[in-house]
Amino acid sequence: MSALTTVASLVYLISAVCYVIGVHLMRSPKTARRGNGLSAVGMFLAVIMIVITIIAEGKITGTGWVVLILGLALGVWYGVARARKVPMTDVPQLVSLFNAVGGGAAAVIGIFDYAVKAGGTHLNVAFSLPVLLDVIIGGITFSGSLIATGKLSGHVPGKPITFPGARLVNVLVVIAILVAAWLMIGLPTNVWFMVLGLIASLVFGLLMTLPIGGADMPVVVSLLNAFTGLAVAFAGFVIDNQVLIIAGALVGAAGTILTLQMADAMNRSVANILAGGFGTGDSNSSSAAD
Amino acid sequence: MSQELYTNLAIFVMSLLVGFEVMSKIPSTLQTPMMSGANAIHGVVVVGAFVIAAEANSWIFYILAFLGAFFAAVNVAGGYTVTDRMLGMFNRPKKSASKEDENK
């Protein structure tokens, strides 16, 4: 390890500790705000460290800087403006929107790295498996969360949307995802297999969320939030960055528990919400509920 | 399996276990802030956006880097801001929230 990598790894470790303690503090109303602040400090440290790292490595091009700074500035401006103006009643759909872009960012990282490396000689499963999990889960949460945002804000009708043969389409889409995944591992020289996987996951995200009613949406948003955590963790495998793995896995697991609690508070089970949604309009909607 | 992959996998599994353990039963009023707070934490994907921007060297990769940076920045900046606003109202319901919308 060079001196820089050592420092960077230690700073990422401190930042990961901030997230864990932050989540811990957020469990109680008295300390919740402090917890969020601590997790923000961890985030700030991680960002400072990556800025120092890419400056020190000096690989980034001038255009790279422009693109990066423009993207970040627009993103911060848009995110903060929306977060400040949103009425408190509209917070769930905003969180869902932020979750969608988080999943999108994770998918973009997977796409980028796969496209960069796919031209090379053979790739091993250790690389292609995290990439495909990253792209597929990221794609599902991106489109799924956007639909959830639409349903909560009324741009998409809140009632379950189903159509004849929806179940068949679901099966076909899942098959497409599996085929794309198989081809990405087996023949990693062609970027188009990844594009197929991405499109199929985007469609799957739509199909998963559309049939679910508006009242169940907060639970689904929380579930998709946990999914994004996993996508981010796999993005961490792809670029070999441990802070992404730790924070992503933390959110994936904590988000899953939170989802179960939220469903519990509504006297529903998560399986019931998802499967019941899938089955709406068919006669045997209860068959998959257990 | 390479040493590197094994290390990352171990970190992943252990972090999952920490995530399961750190979330105990929380009051239902805190569920939405917690969801939002967790959402902000996966905004750490912004670190990955920096990494890919540093590797970009052709127009298609620049577009991807821009998208990644934009998406991740919305996630992380918006996520922390909205969580903090929510929790601020939560703790001090009588205190008026600061109105500083005009500084952008």
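Within every chain, numbering begins at 1; the chains are lettered A, B, ... in the order of the sequence lines, protein sequences first and strands thereafter.
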Practice task
With the side chain counted from C-beta on, respond yes when A/Pro29 and B/Leu30 share a heavy-atom pair under 4.5 Å apart, and no when they do not.
Solution key: yes

Practice task
State whether a side-chain donor-acceptor pair under 3.5 Å links B/Asn8 with A/Asp240.
Solution key: yes

Practice task
Identify which part of B/Asn57 has an atom lying under 4.5 Å from any heavy atom of chain A, answering side chain, backbone, both or neither.
Solution key: neither

Completion exercise
When the 4.5 angstrom heavy-atom criterion is applied to A/Tyr78 and chain B, the contacting part is side chain

Practice task
Look at the side chain of B/Tyr80 and the backbone N and O of A/Met43, then say whether any donor-acceptor pair between them is shorter than 3.5 Å.
Solution key: no

Exercise for the section: For A/Arg27 and B/Val22, indicate whether the former's side chain and the latter's backbone hold a donor-acceptor pair under 3.5 Å. Expected result: yes

Problem - Close side-chain approach of A/Ile246 and B/Met14, heavy atoms under 4.5 Å - result: no

Fill in the blank from the handout: Nearest heavy-atom contact between B/Gly68 and A/Ala105 is O-CB, 3.9 Å

Exercise for the section: Answer yes or no: is there a donor N or O on one side and an acceptor on the other, between the side chain of A/Arg82 and the main chain of B/Gly78, under 3.5 Å? Expected result: no

Completion exercise
Turns out that what part of B/Ala49 lies under 4.5 Å from chain A's heavy atoms comes down to backbone

Practice task
Measure distances from A/Ser96 to the heavy atoms of chain B and classify the residue's part below 4.5 Å as side chain, backbone, both or neither.
Solution key: neither

Exercise for the section: Determine the interplanar angle of the A/Phe237 and B/Phe12 rings, folded into 0 to 90°, and report it as parallel if under 30°, tilted if 30 to 60°, perpendicular if over 60°. Expected result: perpendicular

Exercise for the section: Measure from the side-chain N and O atoms of A/Asn36 to the backbone N and O of B/Thr83, and report whether any donor-acceptor pair falls under 3.5 Å. Expected result: no

Exercise for the section: Report yes if the side chains of B/Met86 and A/Val86 come closer than 4.5 Å at any heavy-atom pair, otherwise no. Expected result: no

Exercise for the section: State whether the side chain of A/Gln261 and the backbone N or O of B/Ile26 hold a donor-acceptor pair below 3.5 Å, judged by distance alone. Expected result: yes

Practice task
Please examine the side chains of A/Ile50 and B/Val51, heavy atoms only from C-beta on, and report whether any two atoms are closer than 4.5 Å.
Solution key: yes

Exercise for the section: Evaluate the side-chain proximity of A/Leu230 to B/Leu16: yes if any heavy-atom separation is below 4.5 Å, no if none is. Expected result: yes

Problem - Contact check, side chains of B/Phe70 and A/Leu70, non-hydrogen atoms, under 4.5 Å - result: no

Problem - Any A/Leu74 side-chain heavy atom under 4.5 Å of B/Phe66 side chain - result: yes

Fill in the blank from the handout: Per-residue tally against chain B (heavy atom, under 4.5 Å) across A/Val91, A/Val238, A/Val66, A/Ile69 peaks at A/Val91

Problem - Side-chain touch A/Thr53/B/Phe50, heavy atoms, less than 4.5 angstrom - result: no

